[in-house]
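First the structure, in the form of structure tokens, and then the observations on it.
No experiment lies behind these values; they were computed from the predicted model shown.
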Amino acid sequence: IAYQTAFLKTYYPHEFFVASMSMELSNQKKLSEFYEELKRLNIPIIRPDINESFADFSSDGNKFYYALGAIKNVGFEAVSNVIKERSKNGKFKNLSDFINRVNPKDINKLQLEGLVQAGAFDNLNNNRQSLFNSIPSIILKSKNIHENKIANQINLFGELEDDQTNFLVNTLDWVIDKKLAKEFETLGFYISDHPLNQYKTIFNQYNIINYEDFETNNSILSSNIASTVLKVQEKKTLKGTSYGIVKFSDLSNVFELFIFSDIFEINRDLLVEGNSLLLTLIKNYKNKDKTQTRINVKNIISLQD
């Protein structure tokens, strides 16, 4: 089985990932691992897009299309109906066209929230906060249009499909950190960008390296690592003090660190999912061969600060 898997991944990578990821459609952790592998193999990935993606994972032999059905709270059957409409009558010209054509049964609140947060409407309107805050109006407008069509009434909204200002909330978009945090929430990983990219200009100034380089280089005993918090598990010792097991993401990898109670307690406000941090790490070897290491977190600072 291992040989067959390696063979397929090497010679038929698109087919391999389409089949493998389709079997793990609701497993965000596994999909994240596959996504990292796709990037490593330099396979072009089309992130969730209402006009390009499909309900399931797919590929044209060159590009790999991320599945809309893999987005959290986006039902596979419902989004399949949306794709059938797109296939039958062409791509959606704008958000009004989408609302006018899609059956309201296929666009409930949770589904729209997932699609917006994942960036599936970015090519129609890239202000995700405006779309997100407008979801109740979008649903109401869709139901009214559908009822009017059933009653054979004149659909005045159809004549104004290019004018989207009459139902969208007028607001600024989410800041990059919040936008990416919501994207992570619905996909399980970052796909359009990584929060750390906005801080890359200071990496050299603070001698920041990747966690993998720090972990594998035996000559480096201490270093600064830039990372974004993915998940925080708070635990209790027998004495009742808190410590943390925290999952982080840097620009090349995902890793977990054990954070002792003294550091954990004073940095509780910083250790929040979506926060980007500067970690000072210290490496201690447990044996002379330097094959067993213990990595401790010495200091934590907000990268934004």
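- For N267, the side-chain contact (heavy atoms from CB on, under 4.5 Å) test picks out I263, L270, L271, I300, with sequence neighbours left out.
- In the hydrophobic clustering of ILVMFWY residues, with side-chain heavy atoms under 4.5 Å counting as a link, F203 and L278 come out together.
- Using a 4.5 Å heavy-atom threshold, the side chains of V246 and L257 count as separate.
- Of all heavy-atom pairs spanning I46 and S53, the tightest one is O-OG, 4.3 Å.
- Note on residues 180-204: pairs passing salt bridge (charged side-chain N to carboxylate O under 4.0 Å, His left out), not counting sequence neighbours, are R128-E183.
- A donor-acceptor pair under 3.5 Å is absent between the side-chain atoms of N103 and the main chain of D106, judged by distance alone.
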Residues E36, K39; criterion salt bridge (charged side-chain N to carboxylate O under 4.0 Å, His left out); working and verdict: CA-CA 5 Å; E36 291 301 322; K39 288 199 301 181; 3.6 Å; yes
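- F260 and F258 have perpendicular rings, their planes meeting at more than 60° on a 0 to 90° scale where under 30° would count as parallel.
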Verdict with supporting geometry, D49 and N123, side-chain hydrogen bond (donor to acceptor under 3.5 Å, both in side chains): CA-CA 7 Å; D49 187 319; N123 285 333; 2.4 Å; yes
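- Outside the 6.0 Å centre-distance limit, the rings of F57 and F17 are not counted as a close aromatic pair.
- Under a cutoff of 6.0 Å and an axis angle of 45°, K247 and F255 do not form a cation-pi pair.
- Across all non-hydrogen atoms, the minimal contact from N125 to L131 is O-CD1, 3.4 Å.
- Of all heavy-atom pairs spanning L281 and V297, the tightest one is CD2-CG2, 3.8 Å.
- Within 6.0 Å of CD in E15 there are more than 12 heavy atoms belonging to other residues, nucleotides or ligands.
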Residue pair S276, T228: steps toward the side-chain hydrogen bond (donor to acceptor under 3.5 Å, both in side chains) verdict: CA-CA 4 Å; S276 293; T228 300; 3.0 Å; yes
Working for side-chain hydrogen bond (donor to acceptor under 3.5 Å, both in side chains), residues N207 and N224: CA-CA 6 Å; N207 299 316; N224 288 330; over 6 Å; no
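- Within the 3.5 Å criterion, the main-chain N or O of K93 finds a donor-acceptor partner in the side chain of D97.
- A single hydrophobic cluster is not seen to contain both F214 and I208; linkage of ILVMFWY side chains at heavy-atom distances under 4.5 Å, directly or through other members, places them apart.
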Worked check of salt bridge (charged side-chain N to carboxylate O under 4.0 Å, His left out) between K29 and E33: CA-CA 7 Å; K29 182 178 185 298; E33 294 172 1; 3.0 Å; yes
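- The hydrophobic cluster containing I45 also contains F16, counting ILVMFWY residues as joined when their side-chain heavy atoms lie under 4.5 angstrom apart, directly or transitively.
- To the nearest 0.5 Å, atoms CD1 (I259) and CG (N296) are separated by 10.5 Å.
- Here the side chains of I50 and L68 are in contact, with some heavy-atom distance below 4.5 Å.
- In the hydrophobic clustering of ILVMFWY residues, with side-chain heavy atoms under 4.5 Å counting as a link, L25 and V82 come out together.
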Stepwise side-chain contact (heavy atoms from CB on, under 4.5 Å) test for E265 and S242: CA-CA 7 Å; E265 289 288 358; S242 296; 3.3 Å; yes
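- Connectivity analysis of hydrophobic side chains (ILVMFWY, heavy atoms under 4.5 Å, direct or indirect) links F184 to I176, L180, Y190, L230, V254.
- For residues 211-227, the set of pairs meeting the salt bridge (charged side-chain N to carboxylate O under 4.0 Å, His left out) definition, not counting sequence neighbours, is empty.
- Proximity of a side-chain donor or acceptor of T293 to a complementary backbone N or O of K283 within less than 3.5 Å is not detected.
- Because its NZ or CZ atom is not both nearer than 6.0 Å to the ring centre of Y65 and within 45° of the ring axis, R47 does not count as a cation-pi partner of that residue.
- Side-chain contact between I99 and P104 is absent, with no heavy atoms from C-beta onward closer than 4.5 Å.
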Intermediate values then yes/no, side-chain hydrogen bond (donor to acceptor under 3.5 Å, both in side chains), E85 and N89: CA-CA 6 Å; E85 166 59 31; N89 296 309; 2.9 Å; yes
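- Judged as a ring pair (Phe, Tyr, Trp, His ring centres under 6.0 Å), and not counting sequence neighbours, the contacts of F92 are F98.
- More than 12 heavy atoms of other residues, nucleotides or ligands shown are found within 6.0 angstrom of CG on D262.
- Salt bridge K109/E113: present, at least one basic N to carboxylate O contact under 4.0 Å.
- Sorted by first and then second residue, the salt bridge (charged side-chain N to carboxylate O under 4.0 Å, His left out) pairs involving residues 50-77 (not counting sequence neighbours) are E52-K91.
- Panel note: side chain Q28, backbone T186; a donor-acceptor pair is recorded below 3.5 Å.
- Shown here for D250 and L196, the closest heavy-atom pair between the two residues is CA-CD1, 3.6 Å.
- The CE atom of M21 lies 5.0 Å from the CG atom of L31; values are rounded to the nearest 0.5 Å.
- By the criterion of side-chain heavy atoms lying less than 4.5 angstrom apart, applied directly or through intervening Ile, Leu, Val, Met, Phe, Trp or Tyr residues, L277 is not grouped with Y206; the two fall into different hydrophobic clusters.
- The neighbour count for I266 CD1, taken as heavy atoms of other residues, nucleotides or ligands under 6.0 Å away, is above 12.
- Residues I295 and I282 form no side-chain contact, since every pair of their non-hydrogen atoms from C-beta on lies 4.5 Å or further apart.
- Side-chain atoms of H14 never come within 3.5 Å of backbone atoms of F64 as a donor-acceptor pair (strictly under, hydrogens ignored).
- When the shell of 6.0 Å around NZ of K236 is examined, it contains more than 12 heavy atoms from other residues, nucleotides or ligands.
- The main-chain N or O of V169 is found under 3.5 Å from a side-chain atom of S134 such that the two form a donor-acceptor pair.
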